Amino acid sequence: MLSNEMADLIKQRERKGKKKKSQIPYSIGLILIAIILFIILLQKQYTYAVCWILGIGIGIVLRYSRFCFSAAFRDPFLVGNTKLLRAMLLAMIISTIGFAVVQHSYLQHNPIDYDLIPGAVTSVGIHVMIGAFLFGVGMIIAGGCGSGVLMRIGEGHGLQWVVLIGFLIGTVLGAKDYSFWYNNIIEKSKTIYFPEYLDFRIVVVVQIAILLGLHRLASWYENRR
Amino acid sequence: MAVREIDCLYEACPVPILKAMKELKTMDPGDILILHSDHSCVGVAFNEWGEKNNYPIQVVEVEDGEWEVYIEKPK
């Protein structure tokens with residue numbers, strides 16, 4: 001509940017006569033540009049047109065849900081809020097089921113080949129830990145992960161343009177030094193694809209059970225604080 | 001009742017909440033803190049945080065893309 005003092009203060013400070021500018025004309029213009037681009041792409045490159053619409057959709061969902069990967073991992077430690085972390089775990093459960101359907105139907109007709117299985121099946125090793133740690137530090141300082149930064153640029157933030165430039169520099173440097181990482185670590189580490197060792201259904205059930213357990217753990221952690 | 005203002009313009013997501021937490025510790029019950037921010041996540045973040053910690057909170061969009069968060073220290 002708001003106290004009277006606060007309501008009074010807000011009223012006092014309200015800037016009178018200053019009207020917000022309507023932004024509807026801009027949005028109509030942008031929607032028109034998006035539709036025109038879609039039609040042009042549809043005639044030339046079907047895949048690009050689909051990606052264009054999917055990308056816009058993902059952007060809108062990210063913006064309105066305030067879904068932020070960096071906040072998902074940061075808030076539990078800083079303010080004890082695990083709402084976004086739990087949302088991310090739910091998203092992982094859903095994508096587990098989706099990829100299970102896709103990969104299962106692929107594996108019924110094809111042999112196991114890490115490069116061809118739908119989804120990124122890559123090696124796991126110390127390089128994942130190093131990369132994840134660096135990325136984690138960077139995304140907390142920058143205030144957003146890859147998708148978050150792009151979404152905020154679209155929203156009109158200026159700071160995230162600087163982050164994007166840093167992002168590009170980092171990507172180029174990463175591509176330049178990839179051979180170092182590949183020769184020293186990635187080549188030696190093993191690719192583990194669970195369906196190779198266990199029945200596909202068991203793998204999916206176990207993964208969902210672990211994710212649900214983490215979900216439970218997160219809500220327990222939030223209530224404890 | 002004292003009113004304090006802190007300027008969090010151009011600060012990215014976790015900073016405003018941390019600054020507010022630090023400032024609120026030094027304030028007396030019933031005091032009001034006004035936080036200026038231009039970060040769009042701030043409103044949602046503060047409302048959730050306030051609801052959990054029983055802080056009365058009001059977010060006002062004073063201009064396009066600029067918000068004022070009113071926080072009262074509970075008595």
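Here the structure is a predicted model, which means the values were calculated and not measured. All chains are named by letter (A, B, ...) in the order of the sequence lines, taking the proteins before the strands, and each is independently numbered beginning at 1.
Interface remark: of the candidates A:Leu159, A:Ile140, A:Asn81, A:Asn81 forms the most heavy-atom pairs closer than 4.5 Å to chain B. Heavy-atom pairs under 4.5 Å with chain A peak, among B:Asn54, B:Ile17, B:Ile34, at B:Ile34.
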Practice problem: Take B:Lys19 and B:Glu23 through the test side-chain contact (heavy atoms from CB on, under 4.5 Å) and record every step on the way to the result. | Solution: CA-CA 6 Å; B:Lys19 274 193 174 173; B:Glu23 194 75 15; over 6 Å; no
Quiz prompt | side-chain contact (heavy atoms from CB on, under 4.5 Å) assessment of B:Cys8 paired with B:His36 | solution = CA-CA 5 Å; B:Cys8 287; B:His36 299 266; 6.0 Å; no
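A:Thr96 pairs by the side chain to side chain donor-acceptor pair (under 3.5 Å) definition with A:Gln207, not counting sequence neighbours.
Judged purely by distance below 3.5 Å, without hydrogens or angles, the side chains of B:Tyr70 and B:Glu72 never pair a donor atom with an acceptor atom.
Aromatic pair B:Trp49/B:Phe46: centroids less than 6.0 angstrom apart.
Using a 4.5 Å cut-off between heavy atoms, A:Arg152 touches chain B through its side chain atoms alone. Proximity to chain A is limited to the backbone of B:Asp38, based on heavy atoms less than 4.5 angstrom apart. If you measure heavy-atom distances from B:Glu48 to chain A, the contacts under 4.5 Å come from the side chain alone.
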